[in-house]
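Only one structure is covered here, and it is reproduced in the block below.
Below, chain A is the first sequence line, B the second, and so on; all start at residue 1.
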Amino acid sequence: MIELIFPDGSKRAFDEGASGRDVAASIAKSLEKRALLVRLDGELLDLDRPLPRSGTFEILTRESPDALEVIRHDASHVLAQAVQELFPGTQVTIGPAIEEGFYYDFARDEPFSLDDLSAMEARMAEIVDRDEKIVREVWDRNEAIAHFREIGEAYKAEIISDLPEDEVITVYRQGSWKDLCLGPHLPSTRHVGKAFKLTKLAGAYWRGDHRNAQLQRIYGTAWASEADLEAYLKRIEEAERRDHRRIGRAMDLFHLQEEAKGMIFWHPKGWTLYRTVEAYMRRRLETDGYVEVKAPQVMDRGLWEKSGHWEKFGQAMFTCETTEGEELAVKPMNCPGHVQIFNFGQKSYRDLPLRMAEFGACHRYEPSGALHGIMRLRAFTQDDAHIFCREDQIEAETTKFVKLLNSVYSDFGLDLHSVKLALRPDIRAGSDEVWDIAEAKLDRAARQAVNMEVEPLPGEGAFYGPKLEFHLRDAIGRTWQCGTLQLDFVLPERLDAEYVAEDGSKQRPVMLHRAICGSMERFLGVAIENYAGAFPLWLAPTQAVVASITSDADEYAREVAAEMKAAGLRVELDLRNEKINYKVREHSLAKTPVIAAVGRREAEGRAVAIRRLGSEGQTILPLGEAVSALAGEAIPPDLARAALRS
RNA sequence: GCCGGCUUAGCUCAGCUGGUAGAGCAGCGGUUUUGUAAACCGAAGGUCACGGGUUCGAGUCCUGUAGCCGGCACCA
């Protein structure tokens with residue numbers, strides 16, 4: 001007998017060998033029909049699998065988020081079956097569920113074409129209609145390896161060989177097709193439903209390693225219902241309209257061109273936006289106790305050799321040689337420069353923590369395939385700072401930093417998507433004890449400062465220390481690392497940084513590399529997508545347009561614009577011989593937050609008709625009142641807070 | 001860098017199976033003085049990314065290169 005505890009707390013006993021389906025049927029016939037999976041002590045199991053033990057028990061239907069993940073996983077299996085039916089000789093590898101869908105990696109010499117996708121979708125629908133039962137089988141390890149080898153599935157055979165000896169090998173069969181898989185799965189292919197769509201074709205390396213063969217990955221999306229699928233497709237379509245590259249062009253913010261790939265030509269409006277963000281960041285750093293510096297853009301190779309960057313990243317540095325034979329490199333990062341400033345003269349323990357900031361323009365020869373709009377560039381500017389401190393100051397500095405970062409992000413209406421902690425890599429400097437302490441400190445400080453999970457990334461830290469990563473999302477859900485804080489025990493050593501301690505001895509400081517925006521350009525890209533170009537007043541490159549209704553009001557319109565400008569607003573004047581409807585439409589499409597229309601009536605009454613982006617009507621206000629209200633609203637959030645406090 | 005796709009006017013896009021380029025918007029010249037999301041007329045605008053090839057003939061087919069896009073790998 002096994003005993004199951006249901007979600008309502010009730011307990012019931014069932015015969016040994018009873019399956020989830022038996023349990024569901026014993027409750028209600030309708031429940032059996034709707035049941036897809038069961039959860040036993042937190043573990044998801046196939047509906048028809050005999051329950052292996054007693055425990056807390058739950059029946060999952062289509063509506064459960066866990067069921068959706070299994071639907072997606074099964075969709076990937078159905079895809080694999082469809083592909084193997086349509087393209088015999090194609091090898092299967094792996095095909096997991098992912099956020100919003102699934103993918104499957106195939107090995108096939110000939111590339112799939114986009115046109116093949118619709119044929120695959122049709123075949124998938126057919127397999128769903130066949131309603132093939134999905135059956136779990138436990139196989140002997142060696143037999144499984146031999147079998148998959150024999151049928152030409154080398155990748156599957158390799159996966160099994162690499163599994164631990166004691167791992168139970170399960171194979172799931174649907175009709176004549178089968179796949180090695182941990183499961184669980186739906187009872188039959190019908191339950192996958194038809195709310196799926198194959199979305200893209202891509203290359204992907206076997207086991208994520210570029211030295212391995214490249215496989216063909218097919219991505220798809222799958223949902224519990226057609227309505228969910230439609231909503232998803234619509235969401236993606238809408239999101240594509242927020243693409244920073246599209247908005248950048250439409251709003252005339254910047255452009256990129258072949259002759260300087262991976263580098264931005266900022267146009268006047270875009271540069272205004274950039275400078276607004278930079279000025280804001282500069283204030284935030286200043287009030288948080290940072291000093292700002294500026295180090296040379298190009299420095300001698302010798303310095304990069306000493307810092308260790310030449311050896312590790314020399315390939316990715318822009319270099320040049322002078323006619324006198326010096327070898328120079330354009331800085332790919334700011335830290336060695338900052339250490340030079342730290343090293344100049346003597347530093348005392350009283351100077352620590354020394355927070356040295358720079359809006360540092362960096363150049364890196366990024367692989368061509370990595371470039372992406374203004375999110376990933378070859379020339380970018382870090383809002384970089386290095387905190388030189390003692391070991392016992394690391395935790396407080398980290399907490400302080402994360403608080404600042406949180407506050408900055410919230411001023412831009414951004415939600416942190418995730419926080420990750422990259423842990424020690426195989427090849428690293430420093431002893432394990434030092435790493436233990438460093439990792440623990442970052443973890444503790446981050447948890448304390450943000451109210452969210454800190455996801456560990458084993459092996460992904462830099463060789464010189466662990467690294468906190470703060471990720472934001474773009475319009476279509478891709479995440480970008482923006483903020484970062486990295487502990488560094490190595491560079492101070494290599495570049496010989498030291499300070500005089502209380503007892504007069506010379507000590508090595510620890511360095512914290514940290515950035516909030518990461519790259520100004522990437523952060524602006526994320527901000528553009530976040531606001532879809534409709535910036536709040538303090539950020540908008542053009543905050544207001546004064547539009548005349550008839551030429552009678554031109555002179556007054558000039559006066560209004562001048563008043564606004566005098567109040568510090570970024571204002572444009574539109575005196576063109578066009579209808580007000582036309583002007584309103586044009587400036588609305590350009591996402592100008594405020595349109596101040598003036599005609600004869602306003603000129604006579606010394607008023608302005610204020611129209612806000614996104615609202616239908618307008619408010620008529622006396623000129624002075626309108627100007628001071630707008631000027632007040634245009635105050636950056638940090639200054640507004642400061643004003644409130646004083 | 002790797003796999004796949006794309007590249008036609010300033011922008012967004014048409015151009016079927018090869019017969020030497022088309023629209024809307026913007027821009028320019030006029031007319032219109034307008035009350036809150038597109039007034040009207042006109043003229044102009046293109047080495048069809050770049051190079052090579054097949055062909056009587058290439059935007060269209062083949063091939064090379066570049067950039068971009070979607071992934072993968074990379075990201076000090």
Side-chain angles (χ1 to χ4, degrees), chain A residues 103 105 111-117 199-219 240 243 245-246 249-250 252 255-262 304 307-317 331-336 362 364-373 375-377 380 382 460 462-465 467 469 476 478 480-481 484 486 488 490-491 513 518-519 522 547-554 576-590 595-602 609-611 613-618 620:
Chain A
Y103 68 77
D105 286 347
F112 293 121
S113 80
L114 249 27
D115 301 329
D116 295 333
L117 295 188
T199 51
K200 49 200 176 192
L201 210 53
Y205 298 104
W206 168 238
R207 300 206 148 153
D209 190 328
H210 69 277
R211 289 164 302 194
N212 289 340
Q214 190 158 41
L215 307 170
Q216 297 187 60
R217 176 171 297 180
I218 297 173
Y219 282 93
E240 275 165 7
D243 189 309
R245 292 163 293 203
R246 178 190 288 252
R249 186 167 38 230
D252 196 17
H255 84 268
L256 298 113
Q257 68 185 48
E258 272 190 49
E259 289 81 357
K261 48 178 177 289
W304 300 109
S307 72
H309 293 111
W310 188 272
E311 196 200 349
K312 214 164 173 216
F313 299 103
Q315 303 283 70
M317 287 162 80
K331 68 174 179 186
M333 52 181 352
N334 307 297
C335 8
C362 297
R364 296 177 186 175
Y365 191 82
E366 299 284 11
S368 55
L371 302 177
H372 183 104
M375 305 289 213
R376 187 88 182 265
L377 294 159
F380 56 96
Q382 294 178 324
E460 295 205 11
F463 73 98
Y464 50 71
K467 160 174 144 189
E469 301 178 358
I476 61 168
R478 284 180 294 218
W480 295 91
Q481 182 199 306
T484 182
Q486 310 185 14
D488 188 345
V490 174
L491 200 60
H513 308 250
S519 108
R522 175 180 293 182
S548 60
I549 295 168
T550 64
S551 53
D552 296 344
D554 282 3
R576 289 175 306 168
N577 176 11
E578 295 290 352
K579 288 193 159 181
I580 191 64
N581 297 26
Y582 179 86
K583 294 184 183 180
V584 165
R585 175 180 156 81
E586 192 170 89
H587 299 303
S588 300
L589 288 175
I595 299 171
V598 296
R600 201 170 297 144
R601 293 206 294 268
E602 287 75 17
I610 300 289
R611 182 192 170 101
L613 181 62
S615 74
E616 305 244 310
Q618 54 262 301
I620 315 283

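- In this structure, the CD atom of A:Glu259 is 16 Å from the P atom of B:A49, given to the nearest Å.
- Separation of the P atoms belonging to B:C69 and B:U60 is 24 Å when rounded to the nearest angstrom.
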Identify each donor-acceptor pair in which a side-chain atom of residues 365-373 of chain A lies under 3.5 Å from a protein atom, sequence neighbours left out, and give them as a table.
residue, atom, partner, partner atom, Å
A:Glu366, OE1, A:Arg376, NH2, 3.1

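- Residue contacts for A:Ala609: at a heavy-atom cut-off of 4.0 Å it reaches a base atom on one of the strands shown.
- Counting all heavy atoms, side chain and backbone alike, A:Ile580 lies closest to A:Ala597 at CD1-CB, 3.9 Å.
- Across the P atoms, B:G52 and B:U31 are found 49 Å apart, a figure rounded to whole Å.
- For B:G45 and B:C11, the C1' atoms lie 14 Å apart once the distance is rounded to whole Å.
- In RNA chain B, runs of at least 3 consecutive Watson-Crick or G-U pairs, each pair with both distances below 3.5 Å, span B:1-7 with B:66-72, B:10-13 with B:22-25, B:28-31 with B:39-42, B:49-53 with B:61-65.
- Judged by distance alone, the side chain of A:Ser548 and the main-chain N or O of A:Ser551 form no donor-acceptor pair under 3.5 Å.
- With rounding to whole Å, A:Ile580 atom CD1 is found 16 Å from B:U33 atom P.
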Could you list the protein-to-nucleotides 61-63 of chain B atom pairs, N/O on both sides, closer than 3.5 Å?
none

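- Between A:Arg207 and A:Asp209, none of the side-chain N atoms (NZ, or NE/NH1/NH2) sits under 4.0 Å from a carboxylate O, so this pair counts as no salt bridge.
- Between A:Glu602 atom CD and B:U36 atom C1' the separation is 11 Å, expressed in whole Å.
- Using a 4.5 Å cut-off on side-chain heavy atoms (C-beta onward), A:Trp304 and A:Pro336 make contact.
- Not counting sequence neighbours, the partners of A:Tyr219 by the ring pair (Phe, Tyr, Trp, His ring centres under 6.0 Å) test are A:Tyr103.
- With sequence neighbours left out, A:Glu469 forms a side-chain contact (heavy atoms from CB on, under 4.5 Å) with A:Lys420, A:Ala422, A:Leu457, A:Lys467, A:His471, A:Gln481.
- Every residue was checked against the ring pair (Phe, Tyr, Trp, His ring centres under 6.0 Å) condition with A:Trp310, not counting sequence neighbours, and none meets it.
- Nucleotide B:U31 holds its P atom 14 Å from the CD atom of A:Glu578, rounded to whole Å.
- Rounded to whole Å, the distance from CD1 on A:Ile218 to P on B:C3 is 17 Å.
- Among residues two or more places apart in sequence or in another chain, the side-chain contact (heavy atoms from CB on, under 4.5 Å) test is passed with A:Leu117 by A:Leu114, A:Met120, A:Leu198, A:Leu201, A:Ile218.
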Worksheet, complete the sentence: Per-nt protein contacts along nucleotides 71-76 of chain B (heavy atom under 4.0 Å; B base, S backbone sugar-phosphate only, - none) come out as BBBBBB
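- Comparing A:Val584 and A:Arg245 by the nucleotide of RNA chain B whose heavy atom lies nearest to each, the residue mapping closer to the 5' end is A:Val584.
- A close approach under 4.0 Å does not occur between any side-chain nitrogen or oxygen of A:Arg211 and OP1 or OP2 of B:C2.
- A:His210 meets the side chain to side chain donor-acceptor pair (under 3.5 Å) test with no other residue; sequence neighbours excluded.
- Under the ring pair (Phe, Tyr, Trp, His ring centres under 6.0 Å) criterion, A:His587 pairs with no residue at all, not counting sequence neighbours.
- For the pair A:Glu586 CD and B:A39 P, the computed distance is 11 Å after rounding to whole Å.
- Distance A:Ile549 CD1 to B:U33 P: 16 Å, rounded to the nearest Å.
- Rounded to the nearest Å, the gap between the C1' atom of B:G22 and that of B:G15 is 7 Å.
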Worksheet item: After noting the C-alpha distance and the side-chain angles of A:Gln486 and A:Thr484, does the key distance pass the side chain to side chain contact (heavy atoms under 4.5 Å, CB included) rule?
Response: CA-CA 7 Å; A:Gln486 310 185 14; A:Thr484 182; 3.4 Å; yes
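- In this model, the phosphate group of B:G35 is not approached by any side-chain N or O of A:Tyr582 to a distance below 4.0 Å at OP1 or OP2.
- Side-chain nitrogen and oxygen atoms of A:Ser551 include none within less than 4.0 Å of the OP1 or OP2 phosphate oxygen of B:U33.
- Judged by distance alone, the side chains of A:His255 and A:Gln257 do bring a donor and an acceptor atom under 3.5 Å apart.
- Across all strands shown, A:Gly373 has heavy atoms under 4.0 Å from sugar-phosphate atoms exclusively, and none from any base.
- Rounded to a whole angstrom, the distance from the C1' atom of B:A58 to that of B:U17 is 14 Å.
- Looking at A:Phe463 and A:Val490, their side chains come closer than 4.5 Å, going by heavy atoms from C-beta outward.
- Separation of the C1' atoms belonging to B:G18 and B:G53 is 15 Å when rounded to the nearest angstrom.
- One can place CZ of A:Arg576 at 17 Å from C1' of B:G35, the figure rounded to the nearest angstrom.
- Among the protein residues, A:Glu616 comes within range of the sugar-phosphate backbone only, with heavy atoms under 4.0 Å from sugar or phosphate atoms but none that close to a base.
- The gap from the P atom of B:A66 to that of B:C50 amounts to 16 Å, rounded to the nearest Å.
- Here A:Arg576 pairs with A:Glu586 in a salt bridge; the nearest charged N to carboxylate O distance falls below 4.0 Å.
- Base contact: A:Leu589 has a heavy atom under 4.0 Å from a base atom.
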Worksheet, complete the sentence: Scoring nucleotides 7-15 of chain B by protein non-hydrogen atoms under 4.0 Å (B base, S sugar-phosphate only, - none) yields ----SS---
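- For the P atoms, the distance linking B:C25 with B:U20 amounts to 27 Å, nearest Å.
- Under the side-chain contact (heavy atoms from CB on, under 4.5 Å) criterion, A:Arg601 pairs with no residue, sequence neighbours left out.
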